[in-house]
Asks: 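My questions all concern the structure below.
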Amino acid sequence: MSIVILLVVAIIVLFGVRNIRMQFITRPVFSFFKKVLPPLSSTEKEAMEAGDVWWEGELFRGKPNWNTLHGYGKPTLSAEEQDFINNQVQTALTMIDDFDIVHNRKDLPPELWQYFKEQGFFALIIPKKFGGREFSAYANSTIVAKIATRSVSAAVTVMVPNSLGPGELLTHYGTKEQKERWLPSLAVGKDIPCFALTGPEAGSDAGAIPDVGIVCRREFEGEETLGLSLTWNKRYITLAPVATVLGLAFQMRDPDGLLGDVKNIGITCALIPTDHQGVEIGRRHNPLMMAFMNGTTSGEDVFIPLDWIIGGPQFAGKGWRMLVECLSAGRGISLPALATASGHVATKTTTAYSYVRQQFGMPIGHFEGVQEATARIIANTYQLEAARRLTTQGIDLKVKPSVVTAIAKYHMTELGRDVLEDAMDVQSGKGIQLGPKNYLGHAYIATPISITVEGANILTRSLMIFGQGATRCHPYVLAEMEAAAMEDETSALDRFDSLLLGHIGYAIGNALRSFGYALTGSRLGSAPVSGPTQQYYRDMTRISSSLAIMTDLSMLIMGGDLKRKEMISARMGDVLSQLYLASATLKLFEDNGRQQDDLPAVHYVMTERLHLAAKALNDAIRNFPSKIAAVLLRVLIFPLGNHFNAPSDKYAVDLVTGMLKPGPARDRITFLCSDVEGDESGIAEVEQAFLAKYAAKDLYKKLKKAQRSGHLKSKLPMLELFEQALEKDIITKAEHKQLVEADVLRLAAINVDDFDKI
C-alpha cells in the first residue's frame with residue numbers, strides 16, 4: 001500500500017510541480033516532438049490553414065456532442081429556389097434527350113444552351129446584385145442532381161460555372177472592378193468560364209505546377225505596364241472549348257525583384273479573356289464519350305497586367321489557399337450531386353424493374369440474390385442523400401469544411417459507382433443496351449470521371465482525409481506544431497507545457513472511454529435520443545474515442561513517417577469518414593421526422609457504417625508497425641474482439657420488401673427523379689409499368705391462387721393466362737382489361753432499343 005501511495009505522490013510531484021515537470025517531461029517531450037514533427041510543404045501548410053473545422057472535429061476528438069449535430073437544423077429550399085426547380089428546371093428536363101446529345105450532337109442542343117444562359121443556370125452562386133441567382137449550396141446541389149438524373153453531360157455543363165470556375169473565386173476574392181466587369185456577363189451567359197488548373201505534369205500535386213508567370217514590364221494598350229509573362233499548358237479543362245474567359249493557376253516569379261525581395265511568389269490565379277492575344281484553346285478531349293465540353297488550353301509568353309490577378313496584385317501568391325477554400329463547391333456540391341442522382345435513378349428504376357421483370361414465374365425482386373444487391377442500392381442511396389444534405393448544410397452555414405468535402409467527394413463518388421454497378425447487375429440486358437430508353441448506361445460509363453477529377457480518389461483517401469484531419473481536427477497537435485515553430489524557445493516551452501498537460505488528459509480520457517465502452521458494449525455512453533437509433537450514437541462515440549487514441553499513438557510512434565504510411569493513414573481516414581456518413585444518416589432520419597418506414601434503411605446503413613469503421617480500425621491495428629503498440633491498441637479498442645458485423649440477411653430482405661411498392665419511403669429517396677410532363681424516357685416507362693402492375697397485385701394473387709388449385713394452367717404466357725381466367729369467370733372484363741394494360745406497360749418496360757444500323 002505504501003508503495004502505491006509513494007507512486008501517486010511521485011506522479012503528483014512530477015506533473016504538479018512546474019519546474020520538475022518542465023525538466024523531466026516538457027523539455028524531453030518537446031525535443032522529441034520537434035524531431036518527429038512531419039515536414040510540411042508550403043502547399044500543405046496553406047491547405048492546412050485554409051478552410052474550417054466543422055462537425056468532423058467533434059467526430060475526431062473522441063466525445064462528439066450529438067446535440068451540436070442536431071442543432072444545425074434541417075436544410076430547406078427557399079420559395080424562390082423551389083419555384084426555380086418547379087419551373088425552370090422542369091422545363092429544362094423536357095428539353096433533354098441524352099441519347100441525342102451524346103450519340104448524335106456530341107453537344108447540348110443550341111436551344112438548351114440558350115435556355116441555360118437566359119434562365120440563370122450558370123449564375124446559381126453569383127450574387128443577386130450582379131444579376132445572379134445567389135442560391136444556397138443545397139439548392140445548387142438539388143438542381144445539378146435533378147439534371148443529372150436525365151443527362152450527365154447537361155449536369156456537368158451547368159455545374160462547372162457554379163463550381164471552381166471563376167465565378168466563385170471572383171465572388172469571394174475579386175476586386176470591385178473585377179466583379180463589376182465579369183460577374184454580370186457570367187450571370188447571363190454572355191461569357192462562359194472555365195478554370196485551368198491541371199496540366200500534363202501536375203494533377204493532385206498542385207505544388208508541381210510548371211506553368212509560370214514572370215513579373216516584367218511591357219507595353220499594354222499603348223502604355224508601359226507592370227505585368228506577367230505567362231506560359232502554360234493545361235488539359236482536362238471542362239468548358240475550355242467554348243469558354244470566353246479563362247481562369248488560370250500558375251507559379252508566379254519575380255526574378256528581377258520588380259515587386260520586392262521575394263523571387264518565388266507562389267501559386268497565383270488570374271482571369272484572362274480567351275480572345276486575348278496569345279491564348280490558345282486547343283483541341284477537344286473525349287471524356288468517356290460524354291458530350292460536355294472538355295479540352296486543352298495553352299499559351300506562350302502571353303502578357304497580362306497585374307490587375308488581372310484575381311483579387312488584384314495583393315493576392316499574388318495566395319492562389320493555392322484561394323483554390324483550397326473554394327474547392328468545396330466541386331468536392332462538396334457538384335460531384336456528390338452527380339453521385340446522389342445516380343443513386344436516385346438506380347433505386348427508382350431497380351425497385352420498379354425488379355417488380356415487373358419476371359423469371360421462373362415470379363418477379364426477380366423476390367429472389368434473395370437480387371434482394372442482396374437491391375438492398376445495397378437502396379441503402380447506399382439513402383446514405384448518399386443523407387451525406388448530400390449534411391455536407392451542403394455545412395457549406396450553407398458559411399464554413400469551409402475542407403476535410404468534410406474531401407470525405408464527401410471520395411466516399412460519395414465511390415458509393416455512386418457502387419449503386420450503378422449493382423443496378424447494372426440487376427437490370428442486366430436492360431442496362432447494357434444503349435438507346436433512348438436506357439437510363440443507366442451513360443451514368444455508368446461516366447462514373448470514372450467523378451472518381452478522377454477534383455483530386456483523384458486514391459490520393460484523396462490516402463493523403464487528404466486523415467492527413468489534414470489528424471492535424472486540423474486534433475484539439476492540440478496544430479497548436480503544438482505552432483509552438484514548436486516559435487523562435488523564442490522560452491515562450492515556445494511555456495506554450496508547449498500548457499498544451500502538453502491538456503493533451504495528456506485528453507489521451508487518457510479517450511483511452512479509458514474506448515476501453516470502458518468496449519467492455520460494456522457502449523452502454524456507458526449517452527445518446528440524444530431514445531428508441532431504435534439510440535445504440536448507434538453510443539457505438540459511434542466508442543469508435544470516435546478509439547480513433548482519437550489510435551491517432552495519438554500513431555503520431556507519437558510514427559511521427560513524420562505517418563505521412564508516408566498511406567495505407568494506415570487511409571484506414572484511419574476511413575474511420576473518420578464512416579463516422580461522418582453515419583452522422584449524416586442519423587440526422588436525415590431525425591430531419592425526416594423519425595419515419596418508421598425509414599428504419600429498415602437506417603438499420604442497414606448504420607450497421608454497415610459501424611462495421612466498416614471497426615474493420616478499418618482492426619486492419620490498421622493489424623498492420624501497425626510497432627507490435628507492442630498494436631497489442632496495446634487491441635486491448636484498448638477490441639479487448640473482447642470486434643463484434644461489429646455487416647448487415648444481416650434479414651435487414652436486406654426487410655429493406656427491399658418495403659421498397660417493392662409505392663410509398664413515402666421510396667419517394668423520399670427517389671424524389672430527384674421527378675415526373676416530367678410528356679416524359680417518354682425509360683425512367684417514366686418502367687415506373688408506369690411498376691405502378692400499373694402493383695395496382696393489379698390482388699388480381700395477380702387471384703390468378704396465382706387459381707393456378708395452385710388447378711383451375712388455371714401454370715406456366716402460361718401472360719395474355720393466354722388472362723384470357724383463360726376471363727373465360728372461367730375468375731376475373732371480370734374490367735379486371736381483364738386492367739391486367740392486359742398492365743402487361744403492355746410491363747413488356748414495354750423490359751424491352752430495349754434496337755436499330756437498323758449503328
Asks: Do R538 side-chain atoms and G525 backbone N/O form a donor-acceptor pair below 3.5 Å?
Replies: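 Between the backbone of G525 and the side chain of R538 there is a qualifying donor-acceptor contact (under 3.5 Å).
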Asks: Any chance you could lay out the side-chain contact (heavy atoms from CB on, under 4.5 Å) test for H643 and F638, step after step, and finish with the verdict?
Replies: CA-CA 9 Å; H643 301 293; F638 296 120; over 6 Å; no
Asks: Just wondering, do M606 and D539 contact through their side chains at under 4.5 Å, heavy atoms?
Replies: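 Not in contact.
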Asks: Taking atom types as modelled, find out whether H344 and E385 have a side-chain donor-acceptor pair closer than 3.5 angstrom.
Replies: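 Short answer, yes.
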Asks: Given 3.5 Å as the limit, does a donor-acceptor pair link the side chain of R61 with the main chain of C473, or not?
Replies: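 Flag set: sc R61 to bb C473 pair under 3.5 Å.
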Asks: Without swapping roles, check the side chain of S544 against the backbone of L59 for a donor-acceptor pair under 3.5 Å.
Replies: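 Side chain of S544 to backbone of L59: a pair is present.
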Asks: Would D598 and N592 count as having a side-chain donor-acceptor pair, cut-off 3.5 Å?
Replies: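 Yes, side-chain donor-acceptor contact under 3.5 Å.
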Asks: Where is the tightest heavy-atom contact between A548 and F60, given as atom of each residue plus distance?
Replies: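 Here A548 and F60 meet closest at CB-O, 3.6 Å.
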Asks: Nearest 0.5 Å, what's the CG-OG distance between L69 and S583?
Replies: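 OG of S583 is found 5.5 Å from CG of L69.
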Asks: Could you check if a side-chain atom of P64 sits within less than 4.5 angstrom of a side-chain atom of T541, using non-hydrogen atoms only?
Replies: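 Touching, per the 4.5 Å side-chain cut-off.
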Asks: Any luck finding a side-chain donor-acceptor pair between E58 and T68 under 3.5 Å?
Replies: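 There is no such pair (donor and acceptor under 3.5 Å, judged by atom type) between the side chains of E58 and T68.
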Asks: For a quick check under 3.5 Å, do R666 and T351 share a side-chain donor-acceptor pair by atom type?
Replies: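 Their side chains do contain a donor-acceptor pair, which is all the 3.5 Å distance test asks for.
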Asks: Taking all heavy atoms of A507 and all of D552, pick out the closest pair and write down the distance.
Replies: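 Scanning both residues, the minimum pair turns out to be CB-OD2, 3.7 Å.
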Asks: Flag yes if more than 12 heavy atoms outside I458 fall under 6.0 Å of its CD1 atom; otherwise flag no.
Replies: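 12 or below, so no.
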Asks: Just wondering, do T171 and P127 contact through their side chains at under 4.5 Å, heavy atoms?
Replies: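 SC-SC contact between P127 and T171 confirmed.
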Asks: Are side-chain N/O atoms of K409 and N457 paired as donor and acceptor at under 3.5 Å?
Replies: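 The criterion, which ignores hydrogens and geometry beyond distance, is satisfied for N457 and K409.
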Asks: Does E590 reach the main-chain N or O of H70 with its side chain, forming a donor-acceptor pair under 3.5 Å?
Replies: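 No, the answer is negative, given that no donor and acceptor are paired below the 3.5 Å cut-off.
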Asks: Taking the side chain as everything from C-beta on, heavy atoms only, tell me whether F466 gets closer than 4.5 Å to T551.
Replies: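 The answer is yes; the side chains approach within 4.5 Å.
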Asks: Give a yes or no answer on whether the side chain of T657 reaches the backbone of D654 with a donor-acceptor pair at less than 3.5 Å.
Replies: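 Side chain of T657 to backbone of D654, a donor-acceptor pair under 3.5 Å: no, none is there.
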Asks: Show your reasoning for whether side-chain contact (heavy atoms from CB on, under 4.5 Å) applies to R133 and F121.
Replies: CA-CA 8 Å; R133 293 282 182 180; F121 280 81; over 6 Å; no
Asks: Taking all non-hydrogen atoms of both residues, which atom of Q90 and which atom of S674 are closest, and how far apart?
Replies: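 Shortest heavy-atom contact: OE1-OG, 2.9 Å.
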Asks: Are side-chain heavy atoms of M540 and L586 found at a separation under 4.5 Å?
Replies: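 Result yes, sub-4.5 Å side-chain heavy-atom pair found.
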Asks: Check the angle between the aromatic planes of H474 and H503 and answer parallel, tilted or perpendicular using the 30° and 60° thresholds.
Replies: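 Correct class here is tilted.
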Asks: Hey, does the side chain of Q595 reach the backbone of F589 with a donor-acceptor pair shorter than 3.5 angstrom?
Replies: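 No; judged by distance alone, with no hydrogens or angles, the pair does not exist.
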Asks: Using 30° and 60° as the class limits, which term best fits the ring planes of W66 and W55: parallel, tilted or perpendicular?
Replies: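 Taking W55 first and then W66, their aromatic rings sit tilted (interplane angle of 30° to 60°).
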Asks: Would I85 and K146 count as a side-chain contact (heavy atoms from CB on, under 4.5 Å) if you check the C-alpha gap in whole Å, the side-chain angles of each, and the deciding distance to 0.1 Å?
Replies: CA-CA 9 Å; I85 290 169; K146 276 186 166 286; 3.6 Å; yes
Asks: Give a yes or no answer on whether the side chain of T350 reaches the backbone of T347 with a donor-acceptor pair at less than 3.5 Å.
Replies: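 Checked: no pair found.
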Asks: Side chains of D418 and L415: closer than 4.5 Å at any heavy-atom pair?
Replies: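 Answer yes - side chains close enough.
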Asks: Show your reasoning for whether side-chain contact (heavy atoms from CB on, under 4.5 Å) applies to I683 and R150.
Replies: CA-CA 9 Å; I683 296 175; R150 299 304 169 120; 4.1 Å; yes
Asks: By the definition side-chain contact (heavy atoms from CB on, under 4.5 Å), identify the one residue from R321, M322, E168 that meets it with Y173.
Replies: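 Only one of R321, M322, E168 forms a side-chain contact (heavy atoms from CB on, under 4.5 Å) with Y173, namely M322.
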Asks: Sub-3.5 Å donor-acceptor pair from the side chain of R542 to the main-chain atoms of I637, do we have one?
Replies: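 Yes; judged by distance alone, with no hydrogens or angles, the pair exists.
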Asks: Do you know the tightest heavy-atom contact between T413 and I451?
Replies: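 Where T413 meets I451 most closely, the heavy atoms are O-CD1, 3.6 Å.
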Asks: Check whether more than 12 heavy atoms from other residues, nucleotides or ligands sit under 6.0 Å from atom CZ of R594, and answer yes or no.
Replies: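 Enclosed: over 12 neighbouring heavy atoms sit under 6.0 Å from CZ of R594.
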Asks: I need the minimum non-hydrogen distance between A145 and L672, along with the two atoms involved.
Replies: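 Heavy-atom minimum between the residues: CB-CD1, 3.6 Å.
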Asks: Under 30°, 30 to 60°, or over 60°: which ring-plane class applies to Y651 and H603, parallel, tilted or perpendicular?
Replies: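 Ring orientation of Y651 relative to H603: parallel.
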Asks: Between the side chain of S514 and the main-chain N/O of L636, is any donor-acceptor distance below 3.5 Å?
Replies: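 Between the backbone of L636 and the side chain of S514 there is a qualifying donor-acceptor contact (under 3.5 Å).
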Asks: Report the C-alpha distance between R622 and D619 in whole Å, list the side-chain angles of each, state the deciding distance to 0.1 Å, and finish with yes or no for salt bridge (charged side-chain N to carboxylate O under 4.0 Å, His left out).
Replies: CA-CA 5 Å; R622 186 163 53 86; D619 288 347; 3.2 Å; yes
Asks: Is the centre of the F84 ring less than 6.0 Å from the centre of the F135 ring?
Replies: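 Ring-ring flag for F84/F135: true, centres closer than 6.0 Å.
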Asks: Compute whether any side-chain donor of one residue and acceptor of the other, for Y580 and T391, lie under 3.5 angstrom apart.
Replies: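 Result is yes, a qualifying pair exists.
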Asks: Within a 6.0 Å radius of atom CG on D649, are there more than 12 heavy atoms belonging to other residues, nucleotides or ligands?
Replies: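 No.
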Asks: For L576 and E56, which heavy atoms make the closest approach, and how far apart are they?
Replies: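 For L576 versus E56, the nearest heavy atoms are CD1-O, 3.9 Å.
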Asks: Taking T340's backbone N and O only, do any of them form a donor-acceptor pair with R388's side chain (distance below 3.5 Å, no angle check)?
Replies: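 No; judged by distance alone, with no hydrogens or angles, the pair does not exist.
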